[in-house]
Trainee: 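This is the structure I have questions about; it appears just below.
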Amino acid sequence: MNVINPATGTVITEITEDTNLTLKSKYNLLKANQPKWAAVDIKSRVSIILKFVQLLKDNVDELANILTSEMGKPLQQSKNEVNGAAGKAEWLANHAEEYLRSETMQEGATKELIKYEPLGVVANISAWNYPYNVGVNIFIPALLAGNAVLYKPSEYAMLTGLAIEKYLLLAGIPTEVFQVALGGGKVGEMLLDFDFDLIGFTGSYKTGKLIYEKVAPKMIPCIMELGGKDPVYVADDIADIQAAAIGIADGAFYNNGQSCCSVERIYVHETIYDEFCKHFLAEVQSWKIGLPTEEGVYISVLSRKEQVDFLQNQVDDAVAKGATLLHGGHKLPGSGYGFEPTVLVNVDHQMSLMMDESFGPIIGILKVTSDQEAIELMNDTKYGLTAGVYAASQDRAESILTKLNTGSVYWNCCDRVSAALPWSGRKNSGFGSTLSHSGLRAFARVKGYHLRGV
Ligand code: NAD
């Protein structure tokens, strides 16, 4: 399989895909050795993961270069991602003992305990948009809890996957406990024939649904981290409209809009709408566009060629249905897979732009007349990952946030993930949770101990 640099369209290297046979031997190796890893005391597991964290921090430049070369992320954003992944892994390692230790629920004639036991062998089928960041959400807590992991990076992030493996092994994770499966969707699908104890999937709703349906008869539990169509609402009491516009523009366009929690829809109260759009546009027009390796570039290429046509179709559909193009709207010139940062107004929910995940540098801004209208529009989606409100009053913001059917909500911020808080989707954005105490415990099974001495 060719690894292609999306900024130039050139082949970086060739990778040999896994076959059913190689997958089988990797799975069997993990299955046979997982109990030994589970028997390693948690302090040692934590210290290995903390060594991995240090290796990530010590090798930011190398890891960022690999990421930029195969998925086109601007180099500074790649460095931010490596540092972010290291920070999340560190939080998980530092809290593993606290949240995975057994708990005494009742003393007395019958002592009652809860123990958090490893699941066994976990498959981690992953996405390309934040390969370090979304990978650590799954393989780090899985390893900390005593599981073995078969990690399948996306076919668009295989070099990143191999770099992760290199540093995990260097940190002291035994090779029999962490294996990498290389290849595309077919290799992912082959994995579903094995008896994993959990599938941690990060990717699109379409693939997530397919995986869930396929493994359901085997009763294999899944964690599904899927797509989003995340809205933000700007209320009329906001004090600094310009600051809100700049923050939301970053939330929509950072990583070229290729984030599961990118802002994908903006609703603005009619009284501040014109001013908001003016500042938003000025911010978008100020960005440097170019190759991902150029200093100061904010918007670069998309990772996948097909995405250019998908975005063009969304823009064309919106314009045909009455939207006004304020900025951009076309492929960027050159051989890379670039698309202009694009802003549309006069949009509505009949347009694919406002209903289907764009996963690119395009956004629609819609004028609303009340908080109630904003709530209804924000909830009018198949997805439920995140939603944000920009407002001066916390009470007003919270009264809106409680009515939004998403796994995360934001007040005066957006496009944000924290290791200390659960990361979970609702509806077509998935289910189960990573990060926080619930994300650590997600990779263990609880067992109730009823202990009565004679
Ligand atoms: P994708 O669904 O195309 O691929 C994800 C993974 O699934 C890849 O490794 C791929 O090879 C594998 N795969 C493809 N077909 C398969 C099959 N039939 N059986 C088993 N595996 C298969 O998604 P993507 O393009 O890599 O990622 C983008 C999507 O991921 C977006 O929708 C984005 O919102 C979502 N995402 C969600 C989160 C989150 O935390 N909720 C984080 C990052 C990305």
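One-based numbering, in listed order, for ligands and for the atoms of each.
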Trainee: Report yes if the side chains of Phe52 and Ile173 come closer than 4.5 Å at any heavy-atom pair, otherwise no.
Mentor: no

Trainee: Of the protein's non-hydrogen atoms, which lies at the shortest distance from atom 25 (O) of ligand 1, and what is that distance?
Mentor: Trp128 NE1, 2.8 Å

Trainee: Decide whether an N or O pair under 3.5 Å exists between Glu155 and ligand 1.
Mentor: yes

Trainee: Taking a cutoff of less than 4.0 Å between a non-hydrogen atom of the residue and any ligand atom, is Gly184 in contact with ligand 1?
Mentor: yes

Trainee: So is Ser126 in contact with ligand 1, going by heavy-atom distances below 4.0 Å?
Mentor: yes

Trainee: Give me the residue, atom name and distance of the protein heavy atom closest to atom 18 (N) of ligand 1.
Mentor: Glu189 OE1, 3.2 Å

Trainee: Which bit of Ile211 is near ligand 1, meaning a heavy atom under 4.0 Å away: side chain, backbone, both or neither?
Mentor: side chain

Trainee: Is any N or O atom of Tyr205, backbone or side chain, closer than 3.5 Å to an N or O atom of ligand 1?
Mentor: no

Trainee: Could you tell me whether Trp423 approaches ligand 1 through its side chain, its backbone, both or neither, with non-hydrogen atoms closer than 4.0 Å?
Mentor: side chain

Trainee: Check whether the ring centres of Phe139 and Tyr151 lie less than 6.0 Å apart, and answer yes or no.
Mentor: yes

Trainee: How does Tyr130 reach ligand 1, by side chain, by backbone, by both or by neither, if only non-hydrogen atoms under 4.0 Å count?
Mentor: neither

Trainee: Within the structure, does Lys152 bring an N/O atom to less than 3.5 angstrom of an N/O atom in ligand 1?
Mentor: yes

Trainee: Between Thr207 and ligand 1, is there a nitrogen or oxygen pair with a distance under 3.5 Å?
Mentor: yes

Trainee: Examine Ser204 against ligand 1 and note whether any of their N/O atoms are separated by less than 3.5 Å.
Mentor: yes

Trainee: Taking the six-membered ring where the residue is Trp, are the ring centres of Trp128 and Phe359 under 6.0 Å apart?
Mentor: yes

Trainee: Dump the intermediate steps for ring-ring contact (aromatic ring centres under 6.0 Å, His included) on Phe196 and Tyr27, then the final yes or no.
Mentor: CA-CA 9 Å; Phe196 287 102; Tyr27 173 83; 5.2 Å; yes

Trainee: Is the shortest side-chain heavy-atom distance between Lys321 and Asp348 below 4.5 Å?
Mentor: no

Trainee: Can you tell me which portion of Leu226 lies within the under-4.0 Å heavy-atom range of ligand 1? Options are side chain, backbone, both, or neither.
Mentor: backbone

Trainee: Using a strict 4.0 Å threshold on nitrogen-to-oxygen distance, state whether Glu62 and Lys166 make a salt bridge.
Mentor: yes

Trainee: How far is atom 44 (C) of ligand 1 from its nearest protein heavy atom, and which residue and atom is that?
Mentor: Asn129 OD1, 3.3 Å

Trainee: If you define the side chain from C-beta out and look only at heavy atoms, does anything of Leu332 sit under 4.5 Å from Tyr337?
Mentor: no

Trainee: May I ask you to identify, for Leu210, whether its side chain, its backbone, both or neither come under 4.0 Å of ligand 1 on a heavy-atom basis?
Mentor: side chain

Trainee: Record the part of Thr202 in heavy-atom contact with ligand 1 below 4.0 Å; permitted values are side chain, backbone, both and neither.
Mentor: both

Trainee: Would you check if Tyr410 and Tyr390 make a side-chain contact, meaning some heavy-atom pair closer than 4.5 Å?
Mentor: no

Trainee: Heavy atoms, side chains only, cut-off 4.5 Å: are Asn379 and Leu404 in contact?
Mentor: yes

Trainee: Which part of Glu357 is near ligand 1, with near meaning a heavy atom under 4.0 Å away: side chain, backbone, both or neither?
Mentor: side chain

Trainee: Tell me if the centroids of the rings in Tyr212 and Phe431 come within less than 6.0 Å of each other.
Mentor: yes

